[in-house]
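Both counts, for ligands and for their atoms, begin at 1 and track the order of listing. Being a predicted model, the structure only gives us computed values, none of them experimental.
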Amino acid sequence: MTALDDRSVQPTVTSGPIMGSEKVYLEVDDPASGRTLKVPQRRVGLSNGSHIDLYDTSGPYTDSSATIDVHAGLARTREAWIDDREPINGAVTQLAYAKAGVITPEMRFIAAREGMDPDFVRSEVAIGRAIIPVNRRHPESEPMIIGKNFLVKINANIGNSAVTSSVAEEVEKMVWASRWGADTIMDLSTGKRIHETREWIIRNSPVPVGTVPIYQALEKVNGDPASLTWEIYRDTIIEQAEQGVDYMTVHAGVLLRYVPLTAKRVTGIVSRGGSIMAAWCLAHHKESFLYTHYEELCEIFREYDITFSLGDGLRPGSIADANDEAQFAELRTLGELTHIAREHDVQVMIEGPGHVPMHKIAENVRLEEELCGEAPFYTLGPLATDIAPGYDHITSAIGAAQIGWCGTAMLCYVTPKEHLGLPNRDDVKTGVITYKLAAHSADLAKGHPRAQEWDDALSQARFEFRWQDQFNLALDPETAQAFHDETLPAEPAKTAHFCSMCGPKFCSMKISQDVRKYAEENGLSTVEAIEKGMQDKAEEFADQGKRVYLPIAD
Ligand code: IRN
Ligand code: FE2
């Protein structure tokens with residue numbers, strides 16, 4: 001019996017298309033395998049007859065023709081691709097294939113998804129500037145890429161804790177997060193039934209799944225870090241690898257000699273994994289087993305094609321501690337470990353902070369690229385200020401947009417509950433939407449070829465008062481429509497040339513349209529029309545006695 005046969009677990013997952021859009025598939029030929037790949041897109045149909053296709057992370061859940069059976073799990077589409085191929089230099093990783101010049105179906109799928117050339121995808125993976133997190137045991141996932149030359153990605157953390165949440169709730173959080181745009185999810189469960197929760201999530205997840213295995217290892221020794229051993233950790237890794245975890249956070253850069261560097265910090269060590277490893281090193285007065293057994297870890301990761309997410313166990317947990325010696329000492333070690341993993345044909349990304357004021361953000365990216373051979377950077381925010389508990393999705397999105405613009409490849413979301421409690425389903429959505437807008441803002445600034453199409457389509461709809469199109473094109477269509485309908489719920493308001501913010505007389509969009517119309521009718525260019533209109537108004541102003549405030553007319 002597998003975990004999914006357990007009928008006492010009955011997740012209710014959200015399915016059906018997102019408001020105003022439908023699922024379509026691009027058909028892409030993969031010459032190497034002779035297969036046709038079906039690349040999902042979210043198509044937003046517009047009232048003027050056109051449409052726009054958007055990057056889609058939601059999997060079959062938003063496909064109205066798909067049948068969802070959470071007890072069976074998603075279709076294992078990639079299984080045949082994996083079975084088809086022979087190892088290359090004894091390895092089966094995307095990195096090994098990329099280095100050998102092979103374009104895998106995963107790379108071709110990604111190229112179509114991102115609007116890029118397949119060989120460019122391959123070459124970015126080959127030099128380690130991008131990664132494709134795909135455990136061979138997670139064939140249900142849709143291939144995606146993390147790298148600075150691609151769309152900026154976002155990760156949503158889910159998972160229960162010892163005090164709250166059930167398996168069913170976590171499965172729905174995964175579906176819900178990917179519905180709103182999470183590119184990957186991490187299951188950070190630390191409570192009961194860690195193994196079962198993860199099995200349920202992976203079998204039903206269309207996006208890559210990450211974990212922090214030290215959390216489960218710690219549960220196995222009843223929460224006493226000093227009792228951890230390399231063997232317990234290794235067995236935990238293998239257990240999770242077999243289940244299909246695509247990337248794992250490994251805090252292998254927390255070295256014994258770095259721990260004292262945190263003594264004078266305002267907030268010490270805030271990383272959970274980092275503090276566990278620091279406690280172990282101090283208890284035994286030995287170097288971390290993650291560091292001393294690192295090559296064995298590489299061998300295990302290589303077998304499954306698991307990606308390292310090298311943890312920032314010494315990240316700053318406050319503005320005061322940003323960019324300090326402890327943080328950058330660890331980063332140097334992560335750089336060393338990056339190069340070792342690559343020699344084993346294992347993919348790597350690097351985790352980053354945390355809490356960083358805006359003027360110290362760029363330095364983080366510059367140093368990471370220099371020390372870690374441009375391995376994709378994956379940061380937690382960072383929060384640009386510490387003063388707003390309850391709003392840390394916003395304090396951190398400010399930092400996230402900037403660090404994304406500087407070249408960070410994936411942004412780990414922060415929810416309004418950060419520092420306060422376990423996020424619920426609503427917090428997950430707020431976190432995802434907030435991070436999508438940070439990531440997309442970075443895409444625009446970086447000039448990703450497809451990014452601006454979306455903004456232009458929305459702006460056009462806004463200018464032409466196509467309200468329904470404006471809602472449907474929004475990151476969160478339901479909220480956009482609900483806000484509009486709060487004050488103008490009637491159907492005619494969906495075509496009206498104003499909303500309740502400015503009312504009919506003060507709408508700048510309407511006035512500017514009137515100017516254009518006036519120009520057309522009078523055979524003038526818009527500039528001339530404005531000048532003429534201004535002149536008329538000036539005369540009117542003079543006629544009325546040059547008074548700014550006029551008496552109320554009867
Ligand atoms: C991302 C960047 N830096 C940290 N993260 C995420 O924080 C990481 O991916 C994982 O989800 C979580 C690990 O937290 P600790 O154990 O470092 O606190
Ligand atoms: Fe924090």
Original post:
What atoms in ligand 1 come closer than 4.0 Å to a heavy atom of Tyr215?
Top reply: 13 (C), 14 (O), 15 (P), 16 (O), 18 (O)
Original post:
How far is atom 5 (N) of ligand 1 from its nearest protein heavy atom, and which residue and atom name does that atom have?
Top reply: Glu351 OE1, 3.4 Å
Subject >> Subset of ligand 1 atoms that lie under 4.0 Å from at least one heavy atom of Arg272 >> reply: 15 (P), 16 (O), 18 (O)
**OP:** Please find out if less than 6.0 Å separates the ring center of His419 from that of His355.
**Re:** yes
**OP:** Please answer whether the main-chain N or O of Thr2 pairs with a side-chain N or O of Asp6 as donor and acceptor at a distance below 3.5 Å.
**Re:** no
Subject >> Nearest-contact summary for atom 7 (O) of ligand 1 - protein heavy atom, Å >> reply: Leu380 CD2, 4.2 Å
Subject >> CA sep, side-chain torsions, deciding dist, call: Asn160, Ser189, side-chain hydrogen bond (donor to acceptor under 3.5 Å, both in side chains) >> reply: CA-CA 5 Å; Asn160 65 3; Ser189 293; 3.2 Å; yes
**OP:** Would you confirm whether the ring centroid of His285 sits within less than 6.0 angstrom of the ring centroid of Trp280?
**Re:** no
Subject >> Min N/O separation Ser309 to ligand 1 under 3.5 Å >> reply: no
Subject >> Distance filter under 4.0 Å to Leu188 heavy atoms, resulting ligand 1 atoms >> reply: 11 (O)
**OP:** Kindly say whether the aromatic ring centers of Phe120 and Phe150 come within a distance under 6.0 Å.
**Re:** yes
Original post:
Do side-chain atoms of Asn135 reach the backbone of Ala241 as a donor and acceptor pair under 3.5 angstrom?
Top reply: yes
Original post:
Where the Fe ion (ligand 2) is the centre, what is the NE2-to-NE2 angle for His355 and His419, rounded to 10°?
Top reply: 110°
**OP:** Answer yes or no for Gly352: is there a heavy-atom contact with ligand 1 below 4.0 Å?
**Re:** yes
Subject >> Arg315 side, atom CZ; Asp321 side, atom CG - distance, nearest 0.5 Å >> reply: 12.5 Å
Original post:
Under 4.0 Å from any heavy atom of Gly273, which atoms of ligand 1 are there?
Top reply: 15 (P), 16 (O)
Original post:
How far is atom 17 (O) of ligand 1 from its nearest protein heavy atom, and which residue and atom name does that atom have?
Top reply: Ser271 OG, 2.7 Å
**OP:** Under 4.0 Å, heavy atoms only, figure out whether ligand 1 is touched by the backbone of Asp312, its side chain, both or neither.
**Re:** side chain
**OP:** Say whether, by atom type as modelled, one donor and one acceptor occur between the side chain of Arg136 and the main chain of Ile306 under 3.5 angstrom.
**Re:** no
**OP:** Give the atoms of ligand 1, by number and element, whose distance to some non-hydrogen atom of Asn157 is under 4.0 Å.
**Re:** 11 (O)
Subject >> N or O pair under 3.5 Å between Thr379 and ligand 1 >> reply: no
**OP:** Enumerate the atoms of ligand 1 whose separation from the nearest heavy atom of His251 is less than 4.0 angstrom.
**Re:** 15 (P), 16 (O), 17 (O)
Subject >> Passing candidate, side-chain hydrogen bond (donor to acceptor under 3.5 Å, both in side chains) with Asn149, options Glu124, Glu114, His448 >> reply: Glu124
Original post:
In terms of ring plane angle, is the pair Tyr233 and Trp230 parallel, tilted or perpendicular, where the classes change at 30° and 60°?
Top reply: tilted
Subject >> Shortest protein heavy-atom distance from atom 10 (C) of ligand 1, along with the residue and atom involved >> reply: Met186 SD, 3.8 Å
